[in-house]
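Written below as structure tokens is the structure these notes are about.
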Amino acid sequence: MISPVRFRQALVRPPSPSVVDGLRAIDGPNPDYGRFVDEHRAYLDALDAAGVTVEVMDELPGYPDAVFVEDAALCIGTHAAVLRPGAPSRAGEADAVVADLEARFATVARVELGFVDGGDILVTTSEVLVGLSARTDRVGSDALAQALGPTGLPVRVVETPPDVLHFKTDCAIVDEGTIFSTARLAASGCFEGYEVIVCPDGEEPAANLIRVNDVVLMRTGFPRTERTLRGAGYTVVTIDADEAARIDGGLSCMSLRCNW
Ligand code: CIR
């Protein structure tokens, strides 16, 4: 059984100065490049402290959102799948990650049809949940199911709440059988059979957190979420990710957590 919360390595891509032009659903101020770099470095330090070997890929200045490397690939054990990001400006990020994956993974498959962003994929011990969204469609989900053949994990297609960028904007796996989820996503019933910890009302932007080995990594500034997780027995580490948040990024999207 492959654990969805224990990782030996992480692949990341530093933000390039073009990150200030990153996509955002609601028009707002650009991120500050210098602060973004600092926050990204702190994120890598936190992964390192959690026991993960961080490997840094090249910057991609032609792709402002390339720092959100999770959307271009999915890694499960020694198998990787190259995805098809649904935003036209991000499509080329898939080709750009192939060589990095082929250098590390025993098998690399490609999703060739439809669209699927890694932010819409939640891996558990028994299945891979794929949330349909503005970035991920059914054709892409079916193609992903094929691409994941070597893992033996079935794909289950679910819905992302309306007006939410990605499925994992609203949820995270925090333990083999436990999901942290916003109330609006949990209400869809897609987590039946799992323990669910519900994100405190009003702290939804904290839901895109990551469990990495013995710690839960979450954004600073969400005290009720932190208290809830600590109360449930988790070791919580908080880091700033305000600049990524300006362009709809969170903690999961800035790394591919791996076991190659
Ligand atoms: C985008 O809109 O594609 C980026 N600005 C943010 C992507 C965040 N990715 C993720 O949550 N997996």
Side-chain angles (χ1 to χ4, degrees), residues 4 10-33 35-36 39-40 43 47 57 59-75 80-94 96-97 111 115-123 128-137 140-141 144 158 160-173 180-182 185 199 204-212 217-219 239 241-258:
L11 274 174
V12 301
R13 222 184 256 300
S16 78
S18 67
V19 75
V20 299
D21 297 320
L23 296 172
R24 66 212 77 176
I26 299 169
D27 218 12
N30 288 348
D32 177 274
Y33 174 61
R35 278 202 300 270
F36 205 127
E39 289 183 356
H40 193 261
Y43 175 77
L47 289 176
M57 301 185 287
E59 278 179 32
L60 293 180
Y63 296 96
D65 286 296
V67 62
F68 303 124
V69 66
E70 171 185 71
D71 291 319
L74 178 68
C75 306
V82 181
L83 305 176
R84 295 239 312 161
S89 67
R90 303 197 61 191
E93 292 176 34
V97 80
V111 172
F115 297 102
V116 57
D117 271 17
D120 283 318
I121 304 172
L122 182 78
V123 179
V128 176
L129 281 77
V130 180
L132 300 178
S133 72
R135 300 285 180 88
T136 294
D137 61 19
S141 317
L144 177 67
V158 292
T160 300
D163 300 323
V164 170
L165 176 62
H166 284 132
F167 186 68
K168 270 189 319 212
T169 305
D170 268 32
C171 66
I173 186 155
F180 185 81
S181 172
T182 62
L185 176 57
C199 179
E204 287 76 9
N208 180 260
L209 43 81
I210 49 175
R211 167 78 190 268
V212 181
L217 210 56
M218 61 166 284
R219 286 179 63 191
I239 55 171
D242 292 351
E243 301 308 312
R246 287 181 192 275
I247 49 173
D248 303 339
L251 298 189
S252 78
C253 43
M254 292 192 285
S255 61
L256 289 166
R257 278 96 45 215
C258 309

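Remember, it's 1-based here, ligands and their atoms both numbered in the order they're listed. Positions are given from 1, in the same order as the sequence printed here.
Protein heavy atom closest to atom 8 (C) of ligand 1, with residue, atom name and distance, is Asp248 O, 3.5 Å. Considering only non-hydrogen protein atoms, atom 11 (O) of ligand 1 sits nearest to His166 ND1, 3.3 Å. Nearest protein neighbour of atom 10 (C) of ligand 1, counting heavy atoms only, is Cys253 CB, 3.0 Å.
One N or O on the side chain of Ser18 and one on the backbone of Pro61 form a donor-acceptor pair closer than 3.5 Å. Judged by distance alone, with hydrogens and angles left aside, the side-chain atoms of Asn208 form a donor-acceptor pair with the main-chain N or O of Leu251 at under 3.5 Å. Not one N or O on the side chain of Arg35 forms a donor-acceptor pair closer than 3.5 Å with the backbone of Tyr33. A donor-acceptor pair under 3.5 Å links the side-chain atoms of Lys168 to the main chain of Ile121, judged by distance alone.
Listed by number with element, the atoms of ligand 1 under 4.0 angstrom from any heavy atom of Glu70 are 12 (N). Near Arg135, with a cut-off below 4.0 Å to any heavy atom, the atoms of ligand 1 are 1 (C), 2 (O), 3 (O). Near Gly119, meaning under 4.0 Å from one of its heavy atoms, ligand 1 places the atoms 12 (N). Numbered from 1 in the order shown, with element, the atoms of ligand 1 that lie under 4.0 Å from a heavy atom of Ile247 read 4 (C), 5 (N), 6 (C). For ligand 1, the atoms sitting less than 4.0 Å from at least one non-hydrogen atom of Asp71 are 7 (C), 8 (C), 9 (N), 10 (C), 12 (N), numbered in the order shown with element in parentheses.
Residue-ligand proximity: Lys168 is placed with every non-hydrogen atom at 4.0 Å or more from ligand 1. Residue Asp65 places a heavy atom less than 4.0 Å from ligand 1. In this structure, Arg90 counts as a contact residue of ligand 1, since one of its heavy atoms falls inside 4.0 Å of the ligand.
Proximity of Ser252 to His166: side-chain heavy atoms (C-beta onward) are nowhere separated by under 4.5 Å.
Closest heavy-atom contact between Leu122 and Cys171: CD2-SG, 4.2 Å. Shown here for Leu23 and Ala87, the closest heavy-atom pair between the two residues is CD1-CB, 3.6 Å.
Looking at Asp120 and Arg135, no side-chain N of the basic residue comes within less than 4.0 Å of a carboxylate O on the acidic one, giving no salt bridge. A salt bridge is defined here as a Lys NZ or Arg NE, NH1 or NH2 lying under 4.0 Å from an Asp or Glu carboxylate O, and Glu93 with Arg13 fails to meet this definition.
Note: no N/O pair closer than 3.5 Å links Arg24 and ligand 1 by distance alone. For ligand 1, the polar-atom distance check finds an N/O of Leu23 within less than 3.5 Å of one of the ligand's N/O atoms.
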